[in-house]
Amino acid sequence: VQLQASGGGLVQPGGSLRLSCEASGSIFSINNMGWYRQAPGKQRELVAVITRRGSTDYADSVKGRFTISRDNAKNTVYPQMNSLKPEDTAVYYCKADLPAIYWGQGTQVTVSS
């Protein structure tokens, strides 16, 4: 099983980005899918998670700005990130629980003017 993340880049404060992460390989079903991030010098932290049935949970720092969604038919998870702030700058990693845990390779998000 492989997770391929894409959509990172440079954006100005207040801007938006939409990441995507597609799982491929021998997959019967995926339980939770989520996004984590790690800023320089900091530990990796949860950003958002979505269950197979669509229940979601968010870090307090992104509530009201980020929306996570998934397409079970495509084994893909998307975070829509709005009103981005410089403190959102980090490498973003997707994670899938099959229930074996798999991580994507990470995609850089930089919020700067």
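Values below: every heavy atom of this structure, side chains too, minus hydrogens, waters and symmetry copies.
- Among all heavy-atom pairs drawn from Ile50 and Ile68, the shortest one is CG2-CD1, 3.8 Å.
- Rounding to the nearest 0.5 angstrom, the gap separating the CZ atom in Arg65 from the OH atom in Tyr58 is 12.0 Å.
- Between the side chains of Asn82 and Ser16, at least one donor N or O sits under 3.5 Å from an acceptor N or O.
- Nearest heavy atoms, Val47 versus Tyr92: CG2-CE2, 4.1 Å.
- Considering only heavy atoms from C-beta on, Ser112 comes within 4.5 Å of Leu10 through its side chain.
- Between Phe66 and Trp35, the ring centre distance reaches or exceeds 6.0 Å.
- When the side chains of ILVMFWY residues are joined at heavy-atom separations under 4.5 Å, either directly or via intervening members, Val1 and Met33 end up in a single hydrophobic cluster.
- Looking at Thr56 and Val49, their side chains never come closer than 4.5 Å, going by heavy atoms from C-beta outward.
- Using modelled atom types, one finds a donor on one side chain and an acceptor on the other under 3.5 Å when comparing Gln108 with Thr110.
- The salt bridge (charged side-chain N to carboxylate O under 4.0 Å, His left out) test applied to Arg44 returns no partner, not counting sequence neighbours.
- A 6.0 Å sphere centred on CD of Gln2 holds no more than 12 heavy atoms belonging to other residues, nucleotides or ligands.
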*asked:* Please evaluate residues Glu22 and Lys74 with respect to the criterion salt bridge (Lys or Arg N to Asp or Glu O under 4.0 Å), reporting the C-alpha separation (whole Å), side-chain torsions for both, the decisive distance (0.1 Å), and the verdict.
replied: CA-CA 7 Å; Glu22 180 180 6; Lys74 296 181 179 180; over 6 Å; no

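- Across all their heavy atoms, Asp88 and Arg37 have their closest contact at OD1-NH1, 2.9 Å.
- Surrounding CD of Glu87 are more than 12 heavy atoms belonging to other residues, nucleotides or ligands, all under 6.0 Å away.
- Looking at every heavy atom in both residues, Gly106 comes nearest to Val91 through CA-CG1, 3.9 Å.
- Shortest non-hydrogen contact noted between Arg52 and Asn72 is O-ND2, 3.2 Å.
- Rounding to the nearest 0.5 angstrom, the gap separating the CG atom in Leu19 from the OG atom in Ser6 is 7.5 Å.
- At least one side-chain heavy atom of Pro13 sits under 4.5 Å from a side-chain heavy atom of Pro86.
- Closest approach of Ala96 and Leu3 over heavy atoms only: N-CD1, 3.8 Å.
- A heavy-atom distance below 4.5 Å is found between the side chains of Met81 and Val109.
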